[in-house]
Structure formats: structure tokens, C-alpha cells
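Keep in mind it's a predicted model, so treat the numbers as computed, not measured.
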Amino acid sequence: MRVGMGYDVHRLAEGRELILGGVKIPYKKGLLGHSDADVLVHAVMDALLGAAALGDIGKHFPDTDPGYKGISSISLLEHVGALLDGEQYIVENIDATIIAQSPKMLPHIENMRKNIADALNISVEQVNIKATTEEGLGFTGTGEGISSQAVCLLEKMTNYSSFDVTPGMGGCEGCPRHAGE
């Protein structure tokens, strides 16, 4: 079992779309960043990468690379999912919190959960998202920015079996149950 934690924050700015969890939320400002600045998905990616000891999003998607300018964070999350698959990790669950004074997140949370689950090829029931304010305190409370925190639990596929289930190795050929077939 591997646990990861992620955190991200971006400043709110005029002239940008507000994208959280891959959902475009109607609002007077959006998050400023090199990509779409989706703090929720960035926190989730950092939690997943951290749990797998694969670094962070800056290592995989540097903001100095023009190829990531304006890119959808959901597409980056799909890439992180492929990295986890390659390392034989299974996402057990993700729990994330959006910290913003406004706008209200509740009407968008189910779509956010679905977008994240779809990007990682997991069930929506494995993704929990909640939102909170900071009662007018700090940069999120004054409306200067939005932050997000996420934790996740990963399990290595090989921990589920007493025999090798490495992809491309014939499935369960050679396992004790099918020996001699």
C-alpha cells in the first residue's frame, strides 16, 4: 500500500477560464498558469506521482516546455494514469478538497469526479471531492486564488497475487492453479 499527498495553488486572474476537475465553471475570473491551471487535477496528479515515487508534475510536465502551454490538465492526468499502469499500480481511492471562497463548487463536483475517474479508468466511487471556504481568511478567502489538496492510496498489482501477473507474460500461465494444463 502506498499513500500520496498533493497540493496546488494558482492565482485568480481576469481573462482566464476557470477549470476545476476538467469542468469549465462560469465565473468572472480563471486560474493563472502555464496549462489550464486546474489546481484540483494538479493536486491529484502530485498525490498519485508521489505515492508511486515518480516525482511530481513539474518533473513530468515542466512549465518551461511550450508543448504544455494551455494544455488540458485532464489529458496530463491520463498520462499519469498510463505511468501508473506501466509501474503496475492500481488506484484504490482519491480524496481531494478544493479551497475557494467562491464560486460554489457543489453543482460541479459530480462532473469533476467523473472526469477524474474516466481519465484514470477507475470507478467514480473511488474518487471523492469536497469543497470548503476559509471564512474570508488568507489568499483563498479574499478571492486572490484557489488551492486544492489531495490524498490517494495505490496498491501494486503484484501484491494481489502470489505468482507473477506481469502484463505480456501469458496472464496466469504457470500459476499453481493451472500447472500442468
Side-chain angles (χ1 to χ4, degrees), residues 1-11 16-25 30-100 105 108-131 140 145-161 165-169:
M1 175 180 353
R2 310 275 306 240
V3 176
M5 191 280 293
Y7 173 80
D8 196 37
V9 60
H10 283 276
R11 178 181 305 277
R16 294 274 299 191
E17 293 181 337
L18 179 58
I19 310 289
L20 291 168
V23 176
K24 182 179 173 185
I25 298 172
L31 294 169
L32 188 59
H34 187 68
S35 66
D36 63 6
D38 187 332
V39 293
L40 172 60
V41 173
H42 292 183
V44 167
M45 287 190 293
D46 267 345
L48 294 167
L49 290 166
L54 295 174
D56 62 16
I57 60 175
K59 173 184 174 182
H60 293 274
F61 317 110
D63 63 5
T64 55
D65 186 333
Y68 299 120
K69 179 88 172 133
I71 195 166
S72 163
S73 294
I74 289 291
S75 68
L76 300 178
L77 180 60
E78 290 170 350
H79 180 76
V80 168
L83 288 173
L84 295 175
D85 288 346
E87 296 291 324
Q88 298 184 6
Y89 284 108
I90 296 169
V91 177
E92 291 290 341
N93 76 302
I94 296 167
D95 185 28
T97 304
I98 302 165
I99 302 124
M105 300 296 161
H108 310 287
I109 285 179
E110 287 310 309
N111 285 337
M112 293 176 192
R113 290 178 65 213
K114 181 180 181 329
N115 290 344
I116 290 170
D118 288 350
L120 294 169
N121 294 311
I122 61 176
S123 168
V124 171
E125 288 75 31
Q126 292 171 270
V127 180
N128 186 58
I129 299 171
K130 50 205 177 294
T140 60
I146 294 177
S147 67
S148 185
Q149 300 175 4
V151 293
C152 72
L153 178 66
L154 300 182
E155 188 68 55
K156 195 83 156 167
M157 279 191 260
T158 54
N159 291 349
Y160 284 106
S161 175
V165 292
T166 305
M169 298 301 286

(request) Hey, could you give me each pair passing salt bridge (charged side-chain N to carboxylate O under 4.0 Å, His left out) that has a residue in residues 34-60? Not counting sequence neighbours. (result)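 Listed once each, the pairs would be none.
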Working to the nearest 0.5 Å, report the span between [atom1] of [X] and [atom2] of [Y].
X: E155; Y: M1; atom1: CD; atom2: CE; value: 6.5 Å
X: I57; Y: S73; atom1: CD1; atom2: OG; value: 7.0 Å
X: N115; Y: E110; atom1: CG; atom2: CD; value: 11.0 Å

Any heavy-atom pair between the side chains of [Y] and [X] that's under 4.5 Å?
X: D8; Y: Q149; value: no
X: L154; Y: V3; value: no
X: V9; Y: I146; value: no
X: Y68; Y: L76; value: yes
X: I129; Y: I116; value: yes
X: R11; Y: L31; value: no
X: L20; Y: V41; value: no
X: M112; Y: I25; value: yes

(request) Would you check, one step at a time, whether the test side chain to side chain contact (heavy atoms under 4.5 Å, CB included) holds for H42 with S35? (result) CA-CA 10 Å; H42 292 183; S35 66; 3.4 Å; yes
Side chains of residues 120-128: which donor-acceptor pairs under 3.5 Å do they make with residues two or more places apart or in other chains?
unit_1: S123; atom_1: OG; unit_2: E125; atom_2: N; d: 3.1
unit_1: S123; atom_1: OG; unit_2: E125; atom_2: OE1; d: 2.3
unit_1: Q126; atom_1: OE1; unit_2: S123; atom_2: N; d: 2.8
unit_1: Q126; atom_1: NE2; unit_2: V91; atom_2: O; d: 2.7
unit_1: Q126; atom_1: NE2; unit_2: E92; atom_2: O; d: 3.2
unit_1: N128; atom_1: ND2; unit_2: D95; atom_2: OD1; d: 2.8

Return yes if some donor-acceptor pair links the side-chain N/O of [X] with the main-chain N/O of [Y] below 3.5 Å, else return no.
X: R16; Y: G30; result: no
X: H10; Y: L32; result: yes
X: K156; Y: E87; result: yes
X: H34; Y: I71; result: no
X: S148; Y: T97; result: yes

(request) Compute the ring centroids of F61 and H79, then answer whether they are less than 6.0 Å apart. (result)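 Distance test on ring centres: under 6.0 Å, yes.
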(message) On a heavy-atom basis, which atom in H60 and which in L54 lie closest, and how many Å separate them?
(response)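 Heavy atoms of H60 and L54 come nearest at NE2-O, 2.7 Å.
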(message) Please give me the minimum heavy-atom distance between C152 and A47, naming the atom from each residue.
(response)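 That closest heavy-atom pairing would be SG-O, 3.3 Å.
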(message) Heavy-atom count check: over 12 atoms from other residues, nucleotides or ligands less than 6.0 Å from K130 NZ?
(response)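 Enclosed.
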(message) Assess the residue pair L83 and L49 against the criterion (side chain to side chain contact (heavy atoms under 4.5 Å, CB included)); give the C-alpha distance rounded to whole Å, side-chain angles, the decisive distance to 0.1 Å, and a yes or no.
(response) CA-CA 9 Å; L83 288 173; L49 290 166; 4.2 Å; yes
